[in-house]
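Since the structure comes first, as structure tokens, the remarks are kept for the end.
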Amino acid sequence: MAEAYPWQDGLWQQLAGRAQHAHAYLLHGPVGIGKRALAERLMASLLCQRPGPSNACGECKSCLLLKAGSHPDNYVLEPEEADKAIKVDQVRDLVSFVVQTSQLGGRKVVLIEPVESMNINAANALLKSLEEPSGDTVLLLVSHQPSRLLPTIKSRCVQQACPLPSEAMSLQWLAQALPDSTDDERAELLTLAAGSPLAAVNLQAQGVREQRALVVDGVKKLLKQQQSPTQLAEGWNAIPLLLLFDWFCDWSSLILRYQLTEDEAGLGLADMRKVIQYLAQKSSQDKILNIQDWLLAQRQKVLGKANLNRVLLLEALLVQWASLPGRN
Ligand SMILES: [Zn+2]
């Protein structure tokens, strides 16, 4: 049974409470808030032979088959490898599933996540299934970046925005999910996860607070010339490159912001406040703008899984970062 998150209660009522179901839904919103769980819960309830007012029954033939992962009338389409594209061949297999008749005599339900990982050919192949819905088939599309979808795909779906939960609700939920952490630690994790509570739990599991402490300490030593870019780049071997680029991008924005506003409330997490203030005072705005452009461009490459030499890239970053303070 898919997990039900407290911040989805309203969404769930809207979706599950519909008198008649659409042929396709697009659930979209930020990563790490449980859109997939919401879609799975809806899938179970649409397939259930005795659905209750708020959930699938969990006991009928359909529910048992779904639990066993062998339901003949449901289909999950996702990239074969994490973060890779959904291929056109995969969509063709899906299309032939959609035209079959239901084996249990009820609905068929298709879940696709993330929809934006389809290239144009795959998306066009899917479009046919959206244009000519077959019988009682419901498509559940999950997207983290709906702006990347073809307008023709979006327009054929009932769009359901799944917003970030409020900070208070996320913190309340995190207190139960991470009972061994302190209030401050949970607030910090939620900030690092850009407000997504499930992403915060993942970050905790990856040891992100320890990694961040290591990086912050390294940046301070770099600026005091106690450690070289090469030493640091090698010492950060276990830290995901994207996370590092996220932090440095964030820091460059905070420096610029402080240069423009001198607002001490906008200095970000406590661990870097003094460094950000120092760099804002000691560096020219041009330098910060330059390094920010560079960071954003490199971050795109990291996101695009470009074949990067990790140590060289980090060295290049740290050499530039070390030269921020000063006139030249
Ligand atoms: Zn059931």
Side-chain angles (χ1 to χ4, degrees), residues 1-29 31-80 82 86 90-91 93-115 126 129-130 132-144 153 156-163 165 169 173 176-177 197-198 201-202:
M1 189 66 56
E3 184 146 9
Y5 298 107
W7 55 86
Q8 292 177 336
D9 287 350
L11 273 179
W12 177 253
Q13 302 303 338
Q14 275 180 48
L15 283 169
R18 291 172 66 105
Q20 224 183 346
H21 274 286
H23 278 299
Y25 293 94
L26 173 62
L27 308 177
H28 61 91
V31 172
I33 57 165
K35 296 186 298 299
R36 172 67 178 254
L38 187 69
E40 287 181 355
R41 194 176 163 198
L42 186 57
M43 177 167 74
S45 142
L46 289 169
L47 289 170
C48 176
Q49 296 167 335
R50 295 194 301 267
S54 64
N55 261 323
C57 74
E59 291 161 0
C60 69
K61 187 176 177 193
S62 175
C63 285
L64 294 176
L65 283 168
L66 195 60
K67 232 182 278 180
S70 49
H71 200 297
D73 298 326
N74 98 302
Y75 199 102
V76 176
L77 179 63
E78 53 196 348
E80 283 166 353
I86 292 177
Q90 289 178 270
V91 179
D93 290 345
L94 164 71
V95 170
S96 48
F97 167 82
V98 168
V99 297
Q100 286 164 20
T101 45
S102 145
Q103 297 203 25
L104 293 191
R107 287 193 181 94
K108 288 183 297 171
V109 181
V110 174
L111 193 163
I112 308 178
E113 190 221 358
V115 194
L126 172 72
S129 291
L130 285 171
E132 301 152 22
S134 155
D136 222 355
T137 303
V138 179
L139 282 84
L140 305 176
L141 281 57
V142 176
S143 173
H144 316 304
I153 288 206
R156 281 166 178 78
C157 301
V158 169
Q159 297 190 35
Q160 179 63 61
C162 305
M169 185 169 262
W173 180 82
Q176 294 186 337
L198 306 183
V201 171
N202 284 342

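Numbering of ligands and ligand atoms starts at 1, following listing order.
Rounding to the nearest 0.5 Å gives a distance of 10.0 Å between CG of Leu11 and CZ of Arg41.
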Pairs under 3.5 angstrom only: tabulate donor-acceptor contacts from the side chains of residues 94-106 to other protein residues two or more places apart or in another chain.
residue : atom : partner : partner atom : Å
Ser96   : OG   : Arg92   : O            : 3.4
Ser96   : OG   : Asp93   : O            : 2.9
Ser102  : OG   : Asp73   : OD2          : 3.2
Ser102  : OG   : Gly105  : N            : 2.9
Ser102  : OG   : Gly106  : N            : 3.1
Ser102  : OG   : Gly106  : O            : 3.0

Extract all donor-acceptor atom pairs below 3.5 Å that involve side chains of residues 12-19 and protein atoms in other chains or at least two apart in sequence.
residue : atom : partner : partner atom : Å
Trp12   : NE1  : Ser54   : O            : 2.8
Arg18   : NE   : Gln20   : O            : 3.3
Arg18   : NE   : Tyr25   : OH           : 3.0

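The side-chain contact (heavy atoms from CB on, under 4.5 Å) test applied to Pro51 returns Cys48, not counting sequence neighbours.
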(message) What verdict does the side-chain contact (heavy atoms from CB on, under 4.5 Å) test give for Leu126 and Leu139, after you've listed the backbone C-alpha separation in whole Å, the side-chain angles of each residue and the deciding distance to 0.1 Å?
(response) CA-CA 10 Å; Leu126 172 72; Leu139 282 84; 4.0 Å; yes
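If you count the protein N, O or S atoms nearer to the Zn ion (ligand 1) than 2.8 Å, you get 4.
The closest side-chain heavy-atom distance from Arg36 to Val76 is below 4.5 Å.
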